[in-house]
Trainee: 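Next up is a structure, given as structure tokens.
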Amino acid sequence: MCGIIGAIANANVVPVLLEGLLRLEYRGYDSAGLVVTNHGLQRVRTTGRVTELSKLVAQQKTEGFAGIAHTRWATHGEPSERNAHPHFSGEDSRIAVVHNGIIENHEAIRLHLRNKGFEFLSDTDTEVIAHLVAFNLRQVTDLFKAVCMSVAELQGAYAIAVMEEAHPERIIAARNGAPLLIGVGKNGTYVASDTSALLQTTRDIIYLEEGDVAELNSHGYRIVSCLHNQLGEAVHRTIHESNLSNEAIELGPYAHYMQKEIFEQPSAVANTLEMVLNAQSISPNLFGSEAEKIFSKTNHILILACGTSYHAGLVARYWLETVAGMSCNVEIASEYRYRDPIADENTLVIGISQSGETADTLAALSYAKKLGHQHNLAICNVPESALIRQANLRFLTRAGPEIGVASTKAFTTQLASLLLLTVTLAKMRHKLSLGDEQKIIAALRHLPVALQHALQVEPQVKIWAKSFAQKRHALFLGRGVHYPIAMEGALKLKEISYIHAEAYAAGELKHGPLALVDSEMPVVAIAPNDQLLGKLKSNLQEVHARGGELYVFADADSQITQSENLHVIRLAEHAGLLSPILHTIPLQLLAYHVALEKGTDVDKPRNLAKAVTVE
Ligand code: M6R
């Protein structure tokens, strides 16, 4: 959460900072601010979004050759101008700081600094960093050293950029537990939370590592690692050329990123499956060179994830049990990390995360390792993320940047990867014949086309969306492997339309939630033509008999016909193992169109942010 950018160049950097903040706004959008050096530090902050900040900057004619900027997702202190970054310390020669992350020991440091005479003007943990740097600067008189000393005292996760009024010719940046990268440009040097913010200036990117502190000036940079030594040792970090395309991060002809990302799913899934679509068989090497060795010892899977990624894990459990005969637990990462589970060295722990930055997922994986789980696999969409870096085995979904806060193409590409894993394990455990493997590969080859077909229900979904927009609550029902899809549909609807939506395994209805059913409670059901269809139809009758209004997404061969209070949208014929992936599409479209009807901020729903880097 929170996006930071810094720039130091031979020209006014304000346009670079503002453009970068727009790209980073998905990380938080509670308030925004920047500081530039121009005869002293000039700061502009607002509780509005980046567009508001741009207006203020234009009015105030703010310009400078060096600056740092921030877009906030509030953790400590309400979203207000006072709490917006950058935060200052000092009066004669001020320090300015922007920060992404959480400083866990901020209270102890605050107390110490208050006793030394520092005055705090905000409720944030970030202001503690500004004062701490100022305090240490009194002793070492060099900002770089002062930052190195300060980060050694910080506990928690942070990516920071720091400037000093007396020495505007440099920016100091540091990372620990939150992403930060340097852009090496021809006319300047930059630092930001992600690559998309820097593409406007350069494709030459350095990914800072944990404990790195960097000094940037307009013609270069130096990096030290403060991991083992307070004052750091110089380190070399490789420059990578980013191949992220501009189209991947631009909206193009779409109204929202979520819409773009829903419609990108055929190509996102095709890209993710590229390695297997032309192959005759699926090999363990897809997951890393050690995969075959590790998989051969694996007798249980533990999946750790949050939100939508957790739902992907729940779908995978059905596949792993049914196709690979592999037992599997799926745990919400924020719960797992505080339990006392029993470790087993033959368990493969899988972390699923779009961003690879989710604090709870990262912590749960570290905890699993500490408990004695030897092997882990990351399924992730961001190549340089912390999750990918810390895993033994990895599979990169190739969905391209997902910018809308509601996760869409990340989910379907996670499912595609988890199906590949299922097939791999099933083969190794002799649970899958060559013929069956070929059938699954053929179905996967057809998946992008099938997804394209599923998207064609949009006009019918739009009609349903009009009546949903009038409701305050909704129930989602599914059975078997489609129960997590119902959970995902409910999450999408509540997240972007603010309609209270709950998912139930349809068999659970009569154990309580049926009491909620009346004409004001729309009930969405996922009705694939699988072995549980008969059971589901009985559950739908229970709703119908009580005057409930049903909205059913049915396979063409499910034989459910429309009648009074029973609305049906028909998909293609049952797609077997791929059915949960295809049934996801209309639910995403439903949430999107209900949100449009309600006029909510689809890509930036209230109170949320894309990458949840705090607990
Ligand atoms: O980046 P991750 O996949 O780890 O994110 C996990 C959740 O925060 C995320 O899926 C969240 O639930 C989505 N906004 C849902 O659409």
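Worth saying up front: this structure is predicted, and the values here are computed from it rather than measured. Both counts, for ligands and for their atoms, begin at 1 and track the order of listing.
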Trainee: Could you check whether R72 pairs with E25 (Lys NZ or Arg NE/NH1/NH2 to Asp/Glu carboxylate O, under 4.0 Å)?
Mentor: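 No.
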Trainee: Mind checking what makes ring-ring contact (aromatic ring centres under 6.0 Å, His included) contact with H453, not counting sequence neighbours?
Mentor: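 Scan of H453 (ring-ring contact (aromatic ring centres under 6.0 Å, His included), adjacent residues dropped) gives none.
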Trainee: Side-chain polar contacts of residues 369-378 - donor-acceptor pairs under 3.5 angstrom, sequence neighbours left out - could you list them?
Mentor:
residue, atom, partner, partner atom, Å
H373, ND1, D344, O, 3.3
Q374, NE2, G372, O, 3.4
N376, OD1, N392, N, 2.9

Trainee: Quick one: do D194 and K610 make a salt bridge, cutoff under 4.0 Å?
Mentor: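 So D194 does not pair with K610 through a salt bridge.
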Trainee: Identify, chain by chain and in numerical order, each protein residue with a heavy atom under 4.0 Å from an atom of ligand 1.
Mentor: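 Shell around ligand 1 (4.0 Å, heavy atoms): C306, G307, T308, S309, S353, Q354, S355, T358, V405, A406, S407, L491, K492, E495, V612.
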Trainee: Strictly by ring pair (Phe, Tyr, Trp, His ring centres under 6.0 Å), give each pair with a member in residues 383-425 just once, sequence neighbours left out.
Mentor: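 Every ring pair (Phe, Tyr, Trp, His ring centres under 6.0 Å) pair that includes a residue of residues 383-425, provided the two are not neighbours, is F287-F395.
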Trainee: Taking only Lys NZ, Arg NE, NH1 and NH2, and the carboxylate oxygens of Asp or Glu, determine whether K409 and E261 approach each other closer than 4.0 Å.
Mentor: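 Looking at E261 together with K409, the answer is no, because their closest N to O distance does not fall below 4.0 Å.
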